[in-house]
Amino acid sequence: MNTGSGKLPPLCAKYGRELNGRSGGVDQILEDFSALDRIAVALSSEEQNNVALTGAAGCGKTATVRKLAATIEAGRYRRLAGRRVVELNIDLINQDRKKRDLRFKHILDEAEYHKIIIYVDEAHRLSENDGPSNLMNTLKPYITSGGISMLISTTSEEFRRYIARDRAMERRFQSIELKEPGPKRLIEILKHVARARYPQTVFTEEAIAETVRLSAVCAPERAEPARSLELLHYAVSAAQIDMRPDEHAAEITKDAVRAAAALKTGEERAE
Amino acid sequence: MVDIEQFKAEMLCGRDTLLLGSSERKKATIAAVIDEWPASCPETALIVFDHGGELYERFAGDALLIDLSSEGSFIPDVAEPFVSNEDIGVSSENIAYAIRQAIYQEIRSRDANDKFFDDLGKLVTDRMLTYMLETAKNVVHNLAAASSEEGGAGVSRTLDRINLFSIFCRQHRYVETLMTKIIGGESDILPVKYRIAEEENSGRPLTRDLALAKYILTRELRFQKNGDRDAPVPFADLLMTNGDNTNTQRCIKMQADASTSDFRALIAMITDNAALFSGNRTLKLESYLREPAGRPLFISGSGNAAADRGLAPLLTAAAGAAARNAKSSAVVLIPEIDRWGVFNYLDKFRQNWERLSFTFGYDNFFRLSLESRTDEERLIDTLYSSSVQRIWHASEEERICKAFETYVSEADVTYAPEDLDSEIRAIEREGHVSYASLQEPAERPRVRKRVRLRRSSGGTTLWITAGAKRSGKLTLESLLEEGETL
């Protein structure tokens with residue numbers, strides 16, 4: 001039984017991507033070990049070894065899973081040592097309608113055999129086709145038998161609609177809600193990302209605070225920290241638009257954030 | 001979860017196997033098979049048709065090379081296995097027929113006219129080969145006599161020490177000349193009967209002319225259909241004309257020539273380069289197959305595509321005969337069957353040579369389609385039916401994926417070619433697939449390099465010396481000099 005190193009099995013490699021060992025962007029995520037620990041303990045459980053991460057869009061579910069993979073790789077959880085997290089591309093699996101179910105079954109066989117943790121973002125897409133041919137029906141025996149460990153991210157509403165209505169499935173899933181970070185935490189996250197992503201640019205304290213304040217105006221439908229991060233990146237991009245690609249903004253101030261927010265919402269750019 | 005076993009070279013033994021999929025993956029499989037062979041299957045000969053020579057040059061173990069363009073290469077005696085076989089070797093006609101099976105490229109007859117010329121082309125070829133064999137036999141007897149080797153045992157001992165195929169090739173030009181003369185109506189091409197008796201009584205070794213004449217007079221009277229039974233000539237029933245209307249006979253000869261063009265290119269290469277080959281050792285196939293000792297036999301392209309296509313099927317058939325003689329088995333590995341002109345003979349070889357198994361792939365699908373004269377749409381079917389086992393490698397090629405879907409039972413499939421990766425192969429027999437994993441060997445540097453044969457002034461015949469008669473006692477060495485066999 002292969003539990004770790006080496007190549008991914010063929011179908012997992014073709015229809016998914018391994019999240020372990022991928023550093024792109026993960027360093028920007030500030031560790032929140034409380035969330036990661038809860039997920040890891042759940043995945044290690046004998047009975048409820050599947051996790052549904054719920055929360056508003058943009059609250060950081062996908063980023064948390066990526067951070068979890070990196071943390072497992074770093075060896076923090078001995079119980080999960082050697083386990084790989086593979087994010088499945090459901091769109092790719094759905095492309096071949098004829099072979100979809102069989103293909104998905106074989107992917108799950110591989111995951112079971114190689115003890116791979118499967119991650120599916122926007123898990124409602126597993127139930128896109130009602131009736132016997134939806135992927136959830138293929139998945140169910142693997143979940144209910146405890147054969148695989150699965151992570152899904154979904155909204156609370158979708159979890160209730162697609163997972164919780166089936167008692168056998170619900171029993172096997174632990175629902176972990178990711179809440180939006182509070183203001184203090186949000187500021188920490190923004191500062192962490194700013195340092196990690198834009199090391200040559202100084203962000204003033206006022207700029208960070210203004211970002212948090214104005215993000216609610218720019219994207220009220222989205223959750224934190226996604227909407228603040230979006231405005232942060234936008235502000236940097238707006239400040240650098242007239243610079244060469246190898247140049248960087250020296251500083252992002254409160255005014256720069258305001259100008260970026262105005263631009264983003266369609267007001268005229270300040271001269 | 002599908003059970004994935006370890007890929008082993010011995011999976012190829014005894015099974016005609018087709019390799020399908022990406023070139024890179026197939027090459028890795030082939031390299032792994034060759035590397036593993038000496039340890040896994042030392043008692044089974046592995047004969048590798050290695051067109052570019054890279055497989056040979058990168059193989060780190062002990063190996064034999066046949067390469068008509070390189071120094072140090074063996075020159076195979078591809079005539080001797082037929083001659084030594086107790087069923088085939090009973091007569092020159094039998095041997096000629098066996099050889100013809102491996103050199104005659106059949107045409108698909110579209111009408112009675114095609115069939116007429118094809119049938120006669122075959123007869124002419126059989127006859128040509130028979131005459132070449134009979135005169136070669138005479139040469140061998142002369143060699144045995146010159147070495148004071150007595151009787152049948154002496155001839156057999158002499159046969160062990162010479163390259164019969166080289167001698168056989170050298171008879172071609174003379175026999176070819178006879179064919180041209182008889183078409184042209186020159187019926188007096190042989191000495192009259194009473195002179196044969198004189199020459200025999202003189203005790204001197206028979207010349208080529210007289211050996212042929214004797215053969216025809218004693219053996220071929222039954223073929224005379226053109227009147228004078230006392231004036232037999234070679235090919236009389238097939239090619240003789242009075243010199244006026246020669247069209248039909250010329251067409252028959254052209255058919256025979258065209259259908260054996262690659263063989264003729266091989267003969268030309270052997271005879272024209274005889275001086276260059278004088279330093280090369282002869283490979284006796286039966287000895288090799290009896291005890292391969294884990295050494296693969298590589299056959300590399302000589303640079304002469306026609307000669308390569310002439311050699312490959314003949315060598316394969318000879319290996320089949322040799323394997324039968326030695327009661328041993330061999331795997332013939334042909335990664336690029338489209339480069340060797342073997343594909344059209346494959347079914348025949350599979351039927352005739354039960355001790356050979358073939359593992360083959362192709363390099364260029366279009367070229368193979370041309371060579372086999374099969375539409376591309378039907379070619380995969382044809383390839384499939386020429387094998388009992390398929391090894392499918394990773395491939396996104398539509399043709400391959402579609403073929404897999406057609407031939408493989410869906411119930412068995414976990415990985416189709418588009419799902420396979422660089423490690424896993426799908427092994428399929430009768431529609432049922434299993435999977436095997438292969439750790440692809442790392443790219444190896446060359447451990448040896450072939451050295452091209454070069455003409456030296458000692459190998460060429462200077463104009464001033466050409467035609468000078470040899471004097472002195474005939475010896476084995478003198479009889480083996482370039483161009484002189486009698």
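To find a chain, count down the sequence lines: A is the first, B the second, and so on, and within it residues start at 1.
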Could you pull out all residues at least two apart from B/Asp421 that satisfy salt bridge (Lys or Arg N to Asp or Glu O under 4.0 Å)? A/Lys7

Contacts of B/Lys402 that satisfy salt bridge (Lys or Arg N to Asp or Glu O under 4.0 Å) - sequence neighbours left out: none

Is it the backbone or the side chain of A/Lys99 that comes under 4.5 Å from a heavy atom of chain B, or both, or neither? side chain

Does any heavy atom of chain B fall under 4.5 Å from the side chain of A/Leu8, the backbone, both, or neither of them? backbone

Does [X], at its [atom1] atom, have more than 12 non-hydrogen atoms belonging to other residues, nucleotides or ligands within less than 6.0 Å?
X        : atom1 : answer
B/Glu24  : CD    : no
A/Arg79  : CZ    : no
B/Glu440 : CD    : yes
B/Glu430 : CD    : no

Are the side chains of [Y] and [X] in contact, using a 4.5 Å heavy-atom criterion?
X        : Y        : value
A/Pro10  : B/Ile424 : yes
B/Tyr415 : A/Glu110 : yes
A/Leu102 : B/Glu410 : yes

In this structure, which one of B/Thr414, B/Asp419, B/Val413 forms a side chain to side chain contact (heavy atoms under 4.5 Å, CB included) with A/His106? B/Thr414

Nearest heavy-atom pair of B/Glu418 and A/Lys14: which atoms, and what distance? O-NZ, 2.9 Å

